[in-house]
J.: 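Below is one structure. I have some questions about it.
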Amino acid sequence: MWNPSEAARHVTVMDSFLVLLHSLSSSLSSSDLMELKFLCRERVGKRKLERVQSGLDLFTVLLEQNDLDRTRTGLLRELLASLRRHDLLQRLDAFEAGTAASAAPGEADLRVAFDIVCDNVGRDWKRLARQLKLSDAKIDGIEERYPRSLSEQVREALRVWKFAEREKATVDGLVKALRACRLNLVADLVEEAPQAQGPVSDSEDVSPVLWNSTVSSSEAL
């Protein structure tokens, strides 16, 4: 159940994400903005792009289209990487690290498991997604949304599974699905990870997996 303290934390994190977007926008040059609009031409309608006068305008459109939110920053990362703005990518990294550090302690192992799966499953992700009971329509939607990023396809599939299962989404359940797909090496890596890494502290450099508290764009398909 959504309680007041959880709601307050959600608002705070969302506000910090909007602050991040404003910061990124203010650091974009006019040529950066032109390049971003060009990169988004197949995602954002022509009329909307014509009205975009700043990076924040473009980010707002992407938020409204559910192409971007605080827990789904893959597109934003891809855009900043295309600009070769490593300084802005570092700001995004810092935001994600801070959000991951505030996640519930019980989710730390699952966060690490997601990273391992994203690094090792590769093109077998569709087989795993079906084992996790994602429909073909959702799988096709994920592939269409992230056509150039295999790792983001895997990560989004895991996010959709976690959203659907909520507290039932566990490391054990993920391991069983991996073994059912005969991805035993990846399953072994996931099982061994907690023992190898020990407790996750706020100061450790862990690749974050951010949890979605709303329906992802793929979930709506």
Side-chain angles (χ1 to χ4, degrees), residues 10-100 114-115 118-119 122-123 125-126 129 137-160 163 207-221:
H10 173 76
V11 171
T12 299
V13 175
M14 191 61 191
D15 287 347
S16 66
F17 184 58
L18 295 178
V19 170
L20 169 70
L21 295 181
H22 188 277
S23 171
L24 297 177
S25 175
S26 64
S27 300
L28 294 172
S29 66
S30 57
S31 60
D32 286 336
L33 180 59
M34 289 179 61
E35 179 68 13
L36 287 178
K37 291 171 70 172
F38 176 78
L39 292 170
C40 291
R41 68 193 185 283
E42 296 180 359
R43 188 179 296 269
V44 179
K46 183 178 180 180
R47 291 184 179 180
K48 287 184 179 181
L49 281 179
E50 289 175 348
R51 293 195 294 268
V52 167
Q53 300 296 320
S54 68
L56 191 58
D57 289 344
L58 180 59
F59 298 150
T60 299
V61 171
L62 295 176
L63 284 167
E64 291 173 348
Q65 295 183 173
N66 292 322
D67 286 327
L68 173 68
D69 66 35
R70 67 182 180 86
T71 64
R72 295 175 54 255
T73 57
L75 174 60
L76 179 59
R77 182 173 295 280
E78 182 179 333
L79 293 172
L80 296 178
S82 296
L83 295 179
R84 297 184 180 180
R85 291 297 304 269
H86 301 295
D87 56 324
L88 302 187
L89 283 169
Q90 288 177 349
R91 295 185 200 176
L92 179 56
D93 288 341
F95 170 81
E96 290 187 334
T99 307
F114 276 24
D115 284 337
C118 290
D119 289 342
R123 298 190 180 279
W125 76 270
K126 292 183 182 179
K138 290 176 182 176
I139 292 171
D140 290 344
I142 292 170
E143 191 171 33
E144 290 174 6
R145 188 164 294 278
Y146 301 101
R148 295 182 296 275
S149 178
L150 183 60
S151 64
E152 195 62 30
Q153 290 172 7
V154 182
R155 197 175 293 278
E156 181 67 4
L158 294 173
R159 287 179 182 136
V160 171
F163 176 84
S207 176
V209 173
L210 307 177
W211 310 125
N212 196 347
S213 59
T214 59
V215 179
S216 73
S217 55
S218 307
E219 185 69 16
L221 292 171

J.: Distance-only, no hydrogens or angles: does the Ser23 side chain make a donor-acceptor pair with backbone N or O of Val19 under 3.5 Å?
T.: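 Flag not set: sc Ser23 to bb Val19 has no pair under 3.5 Å.
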J.: Taking atom CG of Leu150 and atom CH2 of Trp125, what is their separation to the nearest 0.5 Å?
T.: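 Spacing of CG (Leu150) from CH2 (Trp125) equals 8.0 Å.
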J.: What are the two closest non-hydrogen atoms of Leu62 and Arg43, and how far apart are they?
T.: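 For Leu62 and Arg43, the tightest heavy-atom pair comes out as CD2-CD, 3.9 Å.
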J.: Tell me if a side-chain donor or acceptor on Ser25 pairs with a main-chain N or O of Leu21 at a distance below 3.5 Å.
T.: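 Between the backbone of Leu21 and the side chain of Ser25 there is no qualifying donor-acceptor contact (under 3.5 Å).
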J.: Which pair of heavy atoms, one from Leu83 and one from Glu35, lies closest together, and at what distance?
T.: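 The answer is CD2-CG, 3.4 Å.
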J.: Checking Ser29 against Asp32: is there a side-chain donor and acceptor pair closer than 3.5 Å?
T.: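 Their side chains do contain a donor-acceptor pair, which is all the 3.5 Å distance test asks for.
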J.: Counting C-beta onward and ignoring hydrogens, is there a side-chain heavy-atom pair between Asp115 and Arg155 closer than 4.5 Å?
T.: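 Yes, close enough: below the 4.5 Å cut-off.
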J.: For the side chain of Arg72 and the backbone of Asp69, is there at least one donor-acceptor N/O pair under 3.5 Å apart?
T.: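 It does not hold such a pair.
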J.: Around atom CZ of Arg47, are there more than 12 heavy atoms of other residues, nucleotides or ligands at under 6.0 Å?
T.: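 No, the 6.0 Å shell around CZ holds no more than 12 heavy atoms from other groups.
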J.: Please determine whether a side-chain nitrogen of the Lys or Arg among Asp57 and Lys48 lies less than 4.0 Å from a carboxylate oxygen of the Asp or Glu.
T.: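 Salt bridge flag = no for Lys48 with Asp57.
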J.: Look at Glu143 together with Lys126 and state whether they make a salt bridge at an N to O cut-off of under 4.0 Å.
T.: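 Salt bridge flag = yes for Lys126 with Glu143.
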J.: State, to 0.1 Å, how close Gly122 and Val154 come at their nearest heavy-atom pair, and which atoms those are.
T.: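 In this case the closest contact between Gly122 and Val154 is O-CG2, 4.1 Å.
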J.: Would you say the side chain of Leu24 lies within less than 4.5 Å of the side chain of Leu56, judging by non-hydrogen atoms?
T.: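 Of all side-chain heavy-atom pairs linking Leu24 with Leu56, none is under 4.5 Å.
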J.: Is there a side-chain contact between Cys40 and Leu75 in this structure, where contact means two heavy atoms from C-beta onward sitting under 4.5 Å apart?
T.: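 Heavy-atom side-chain distance check fails, nothing below 4.5 Å.
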J.: Just checking, is any N or O donor in the side chain of Ser27 or Arg85 under 3.5 Å from an acceptor N or O on the other one?
T.: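 Absent: no donor and acceptor within the cut-off.
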